[in-house]
Structure formats: C-alpha cells, structure tokens
K.L.:
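Could you have a look at this structure, given as structure tokens, before my questions?
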Amino acid sequence: MRKKIIAGNWKMNKTIEEAVELANGLKREVGGCTEVDVVLCPPFTALKSVSDIVSESQIAVGSQNMSSEDEGAYTGEICHTMLKELFVRYVILGHSERREYYKETDEWVNKKVIKALEKNLRPILCVGETLEDRESGNTEKVVEVQVREGLKGVSADAYTELVIAYEPVWAIGTGKVASAEQAQEVHAFIRGIVKDMVGAEAADAVRIQYGGSMKPGNAAELLSQPDIDGGLIGGAALDVASFAGIINAAK
Ligand code: 13P
C-alpha cells in the first residue's frame, strides 16, 4: 500500500513572520500525523524558520526548486548542500510555473532529478498538460514526454523515494479542478509509463500526487481514486484550516 503524501507548495507567498505563523498552526493541527506524509514547501527565505518549527514533529520540509549544480558561479541559485543544511527532504522540480516563466526544459529538470537523488533528496517531479494540449487531444503525448525525459536514467529502486505530481496546467490556481475520473485516467497512464520504463515493482511503489485547485471539499473524491496517492497543494496550503482539511481527507 502506498502511503498518501500531501505537500503544500507555498510558491512566492509568506514573509518569515507569516510563514512562522502558518507552520506553527499546522504543527498544532497535524504535527503528529503519521497516516499521511505531510510536506511544507515554503519560499527559500522561510525554509530555516519552518524547518526549526517542524523539526520535532512528523512534518517534513521541501524546497520549491534546486540547482542542478553543486556550487559555484550561479547567481540566484540554491544547491543541495544548502538545502540539506536546513533539513530539507523533498525538492519540487519542473513545476509548470518554472517551465513556463523560467524556460526550464525536460533535459534540465532531469539533471536536477538525478542530482537530487544522488544527494538523497526526494524529487517531486511535476508534469502536466496545458489547456491547449488537452483540447487538441495531446494530453497523453505531452505527459509521456515529460515523464520519460524527466526520469531518464533513474534506477528502478529510486522510485520508492521520488514522487511524481500530475498537475494539469489549466487546473492550477484557476479553481477548475480536474474531475476525479480525468485525473485518475492520467495517473494510471503515468503509472503505465513507469512500468514500461523500469518495471511493475517500481510502478507499484511510486507515489503520484494530483495538483490543481485541490481543496478540502474535493480532496476526498480525488484521493479515493486507485492511482492518486496524494496532493500537491497551492492556494489551499496557505491557510491552516484548509490544508489541515485536505490532510484529514487523505486519512
Ligand atoms: P493550486 O492548488 O493553487 O491550484 O496550485 C497547485 C500547484 O501548482 C501546486 O504546485
């Protein structure tokens, strides 16, 4: 049985003071939760404060990006050593916002995935189609390329560590959630690709999260689908009650 994983991607929100308040609230509400893996991904500036707060709880910390390089002249970048120093365990990689605004390519994202695994960080690889892709019948084609290219060279045993997040771009921050059937269909498709790439055991073990307007009200139905193993939450992760509500739905 795959353990559900609910991660909050705070994106470019929360000052340190606000992050501390949110992390304290979540620690109070869900800090002892062992049935579901709970991950908070604050902006880099709040990583240390959030990490300190949740250190004595069941909550893990993730970053929203990571450099593919080890160190050196890469202005504005953050590398694995810096993240591990702050007890970061997960790294969101290839989020559609980074692909769109910062032109991250599959090849680049793949370098980051490989680096993260090599350094014992758990990648959350994001994939998903745009509205245009979906309307032109290209969802599977687009998602397949992102999965195959993003996970190129990853060994079968790493699939217990890494997480794939299916985030249809048209559902992110729009309030337009994919129906449970639509999401399940793509999740099963992704699991099939993993099976084809590295075998049934890895495909069975890998956790695939759904992301895109997940809220306490729609979480239970999405999370009850056989291939949906959790959620990557944006807007609803910025508030204690709504994020805790989704975690409770995942239990
Ligand atoms: P929303 O939950 O705000 O739609 O964002 C989803 C997302 O992009 C998480 O990474």
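Note that this is a predicted model, so its numbers are computed, not measured. All ligand and atom numbering here is 1-based and tracks the order in the structure. Along the sequence shown, the residues carry numbers beginning at 1.
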K.L.:
Do Lys251 and Asn248 pair up side chain to side chain, a donor and an acceptor below 3.5 Å, judged on atom types alone?
P.N.:
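Yes, a side-chain donor-acceptor pair sits under 3.5 Å.
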K.L.:
So, is Lys11 polar-close to ligand 1, with some N/O to N/O distance under 3.5 Å?
P.N.:
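Lys11 vs ligand 1: N/O contact under 3.5 Å present.
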K.L.:
Under 4.0 Å, counting heavy atoms only: does Lys215 come that close to any atom of ligand 1?
P.N.:
no
K.L.:
Can you pull out the closest protein heavy atom to atom 7 (C) of ligand 1? Residue, atom name and distance to 0.1 Å, please.
P.N.:
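Closest protein heavy atom to atom 7 (C) of ligand 1: Glu167 OE2, 3.1 Å.
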K.L.:
With heavy atoms under 4.0 Å as the rule, classify the contact between Ala171 and ligand 1 as side chain, backbone, both or neither.
P.N.:
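Just the backbone.
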K.L.:
How far is atom 3 (O) of ligand 1 from its nearest protein heavy atom, and which residue and atom name does that atom have?
P.N.:
Gly235 N, 2.8 Å
K.L.:
Taking a cutoff of less than 4.0 Å between a non-hydrogen atom of the residue and any ligand atom, is Cys126 in contact with ligand 1?
P.N.:
no
K.L.:
Apart from Ile5 itself, which Ile, Leu, Val, Met, Phe, Trp or Tyr residues share its cluster (side-chain heavy atoms under 4.5 Å, direct or through members)?
P.N.:
Val39, Tyr90, Ile92, Ile124, Val163, Leu232
K.L.:
Do other residues, nucleotides or ligands put more than 12 heavy atoms under 6.0 Å from the CD atom of Glu71?
P.N.:
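No, the 6.0 Å shell around CD holds no more than 12 heavy atoms from other groups.
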K.L.:
Test of understanding: given a 4.0 Å heavy-atom threshold, classify the contact between Asn9 and ligand 1 as side chain, backbone, both, or neither.
P.N.:
side chain
K.L.:
If only side-chain N and O atoms count, and only distance matters, is there a donor-acceptor pair under 3.5 Å linking Thr130 with Asp133?
P.N.:
yes
K.L.:
By number and element, which atoms of ligand 1 are closer than 4.0 Å to a non-hydrogen atom of Gly212?
P.N.:
4 (O), 6 (C)
K.L.:
Return the option from Ala236, Gly175, Gly234, Gly173 holding the heavy atom at the smallest distance from atom 4 (O) of ligand 1.
P.N.:
Gly173
K.L.:
Please indicate whether Glu18 has more than 12 foreign heavy atoms, meaning atoms of other residues, nucleotides or ligands, lying under 6.0 Å from its CD.
P.N.:
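More than 12 within 6.0 Å, yes.
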K.L.:
Would one find more than 12 heavy atoms of other residues, nucleotides or ligands at under 6.0 Å from atom CD of Glu69?
P.N.:
yes
K.L.:
Are Lys84 and Asn120 linked by a side-chain donor-acceptor pair shorter than 3.5 Å?
P.N.:
no
